[in-house]
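Encoded as structure tokens, the structure appears first; notes follow it.
FYI, the numbering just counts along the sequence from 1.
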Amino acid sequence: MPVEVYSTDTDSGVISVVTPVNGSFESVAQIPIGNAPRGAVKFTKDGRGFVSNCGGDTVSEIDVLTHRETARIKVGPAPRGLGVVPGDRYALVSNSGANTISIVDLGSRQEVRQVATGRDPRHMAISADGRHAYVAVWGSHYVAKLDLTGLAEGRPEEVREVARIPVGHDRHPYSVALHPARKELYVASTRSKLLSIIDTTKGAVEAEIDLESVGARAVAFSKDGGTAFVTIENTSEVVFVDTVRRKVVNRIPVGPGPRGLALEPLSNTLYVSAFARTGASGGLASVRPENTLTVVNLAPVGRSLATAGAEKKVRYDFAPVAQGSCSVAVLDTDGLSVEVR
């Protein structure tokens, strides 16, 4: 499976693209975009990528064939999170400086509306059926549920916030992730040791898992959904959570100040950003080359992620990127509806 890994490099203002080649990693491109990009690149099936420029109040569009920026779309102040709605007609962008969510028409490359939320919305997840979006509202300590059903008929004016799901006072929810098989939303909060699990049918927190450290930033799931991987910025670790028993079962060191992460499921490989300028220490800081993603090969562990000693079996590598990597995305080029050379 041809794979390209896209690193959002905030301090350099570029998207770095790398690919695995013969057991190592080759730099494919560094794509100059806007000022202070944030969040993972999100892709459409026709080979377009979109990422927020927090310092420029824009969204950059990237062509994955040419690895070039092809457009900038004006949105609200300080955009951070972004999601492409299934069907690829619209994108949602969280404007942390305006307390709104922009709705962007990807055909016309125009913002068509802003929807009000609480203070400082961050990263989001969109349901596979495109009916709802869930947004971590960092400054107001809740998860916003948006009704997107109007978008299926081309009516962005009908999009609205329909629920506010509290996760606890002063926890600062940063990102959310939908479980691939169950109606559960995992919420990573930067100032709480607790990982919240929301029952999306009930619209309420139904469980909390003690991560044993504050600084959670992002959540990704194993292919079967049995394990959740959580980055802990303060301790430079990735925590393994058993999603059935709802408990931490392992933790591994990674690069300093990890934020984003993505799993490539076929090779069972985790790609983890290292936002080293946060000042977080520990982890693999002493052996990690500067300006790299931490690559964690979980294949030697197999399905035994919860087994004692499993953390000693993982294999590490490093992929070259630019400065200040804060998020990462994996693109399976076989899944595109265009021919990728």
Side-chain angles (χ1 to χ4, degrees), residues 8 38-40 42 52 80-83 94 96 117-126 133-145 164-180 182 184-200 204-222 225 227-243 246-252 254-263 270-275 278 280 283 294 296 325-329:
T8 303
R38 291 294 183 101
K42 302 297 175 64
S52 297
R80 291 178 185 263
L82 184 150
S94 58
S96 63
T117 65
R119 185 167 60 87
D120 200 349
R122 297 292 180 100
H123 301 288
M124 68 181 68
I126 300 175
Y134 299 89
V135 185
V137 184
W138 190 85
S140 295
H141 318 295
Y142 75 90
V143 172
K145 180 180 180 179
R164 294 187 169 191
I165 307 169
V167 295
H169 182 64
D170 283 343
R171 292 194 182 181
H172 293 283
Y174 181 80
S175 70
V176 293
L178 285 161
H179 190 277
R182 299 194 289 271
E184 297 173 352
L185 183 78
Y186 282 57
V187 186
S189 299
T190 59
R191 296 186 184 174
S192 172
K193 294 182 180 182
L194 299 177
L195 179 72
S196 302
I197 302 176
I198 291 172
D199 181 329
T200 58
V205 174
E206 66 170 5
E208 295 178 324
I209 299 170
D210 186 359
L211 300 174
E212 302 176 13
S213 175
V214 298
R217 288 284 180 173
V219 181
F221 293 97
S222 60
T227 303
F229 305 101
V230 186
T231 51
I232 310 292
E233 183 176 53
N234 292 27
T235 56
S236 299
E237 295 176 302
V238 170
V239 170
F240 297 176
V241 173
D242 185 317
T243 64
R246 292 179 172 173
K247 62 179 292 186
V248 172
V249 291
N250 262 312
R251 52 205 318 130
I252 60 171
V254 290
R259 290 198 173 184
L261 80 167
L263 178 73
L270 272 178
Y271 294 88
V272 188
S273 68
F275 202 50
T278 60
T294 303
V296 184
S325 174
C326 73
S327 298
V328 61

Subject >> Side-chain heavy-atom pair L194, R171 within 4.5 angstrom cut-off >> reply: yes
**OP:** Decide whether a cation-pi geometry holds between R122 and Y174; the criteria are a distance under 6.0 Å from NZ or CZ to the six-membered ring centre and an angle within 45° of the ring axis.
**Re:** no
Original post:
Mind checking what makes salt bridge (Lys or Arg N to Asp or Glu O under 4.0 Å) contact with R246, not counting sequence neighbours?
Top reply: E184, E206
Original post:
Can you name the side-chain hydrogen bond (donor to acceptor under 3.5 Å, both in side chains) partners of S325, sequence neighbours left out?
Top reply: S7
**OP:** Kindly write out the residues that satisfy salt bridge (Lys or Arg N to Asp or Glu O under 4.0 Å) with R164, not counting sequence neighbours, or none if the list is empty.
**Re:** E161
**OP:** Classify the angle between the aromatic ring planes of W138 and H172 as parallel (below 30°), tilted (30 to 60°) or perpendicular (above 60°).
**Re:** tilted
**OP:** List the atom of I126, the atom of G83, and the distance in Å for their closest heavy-atom pair.
**Re:** CD1-C, 3.7 Å
Original post:
Measuring from S213:OG to N234:CG, what's the distance to the nearest 0.5 Å?
Top reply: 5.0 Å
Subject >> Test log, rule side-chain contact (heavy atoms from CB on, under 4.5 Å), inputs R38 and T8 >> reply: CA-CA 6 Å; R38 291 294 183 101; T8 303; 5.6 Å; no
**OP:** Spell out, as yes or no, whether a donor-acceptor pair under 3.5 Å connects the side chain of T243 to the backbone of G225.
**Re:** yes
**OP:** Return yes if some donor-acceptor pair links the side-chain N/O of Y142 with the main-chain N/O of G118 below 3.5 Å, else return no.
**Re:** yes
Original post:
How far apart are the closest heavy atoms of S175 and A218, and which atoms are they?
Top reply: OG-CA, 3.4 Å
**OP:** Using ring pair (Phe, Tyr, Trp, His ring centres under 6.0 Å) as the criterion, list what pairs up with Y134, not counting sequence neighbours.
**Re:** none
Original post:
CG of D242 to NZ of K247: how many Å apart, nearest 0.5 Å?
Top reply: 8.0 Å
Subject >> For the student: nearest non-hydrogen atoms of S52 and G81, plus distance >> reply: OG-O, 3.8 Å
**OP:** Under the side chain to side chain contact (heavy atoms under 4.5 Å, CB included) rule, collect the residues that match up with A40, sequence neighbours excluded.
**Re:** K42, S327, A329
Original post:
Mind checking whether L211 and I232 have side chains closer than 4.5 Å, heavy atoms only?
Top reply: yes
**OP:** Calculate, to the nearest 0.5 Å, the distance between atoms CD1 and CG belonging to I252 and L270 respectively.
**Re:** 6.5 Å
Subject >> Donor-acceptor contact below 3.5 Å, side chain S196 vs main chain V187 >> reply: no
Original post:
Do T117 and V135 touch side chain to side chain, with heavy atoms closer than 4.5 Å?
Top reply: no
Subject >> Closest approach of A188 to A216 (non-hydrogen atoms, all atoms of both residues) >> reply: CB-CB, 3.9 Å
Original post:
Does the separation of the ring centres of F229 and F240 fall below 6.0 angstrom?
Top reply: yes
Original post:
So, T235 and R251: side-chain donor and acceptor under 3.5 Å apart, yes or no?
Top reply: no
**OP:** Show your working on side-chain contact (heavy atoms from CB on, under 4.5 Å) between R217 and T190 and close with a plain yes or no.
**Re:** CA-CA 6 Å; R217 288 284 180 173; T190 59; 3.8 Å; yes
Original post:
When you measure from the side chain of R259 to the backbone N and O of C326, does any donor-acceptor pair fall under 3.5 Å?
Top reply: no
Original post:
Any donor-acceptor pair under 3.5 Å linking the side chain of S94 with the backbone of H123?
Top reply: no
Original post:
Quick one: are L178 and T200 in side-chain contact, heavy atoms under 4.5 Å?
Top reply: yes
**OP:** Applying side-chain hydrogen bond (donor to acceptor under 3.5 Å, both in side chains), name anything that partners S96, two or more places apart in sequence or on another chain.
**Re:** R80
**OP:** Quick one: do I209 and V230 satisfy side-chain contact (heavy atoms from CB on, under 4.5 Å)? Show the steps, please.
**Re:** CA-CA 11 Å; I209 299 170; V230 186; over 6 Å; no
Subject >> Contact summary for A125 and A177, nearest pair of heavy atoms >> reply: CB-CA, 4.4 Å
Original post:
Short question: side chain of T231, backbone of G260 - any donor-acceptor pair under 3.5 Å?
Top reply: no
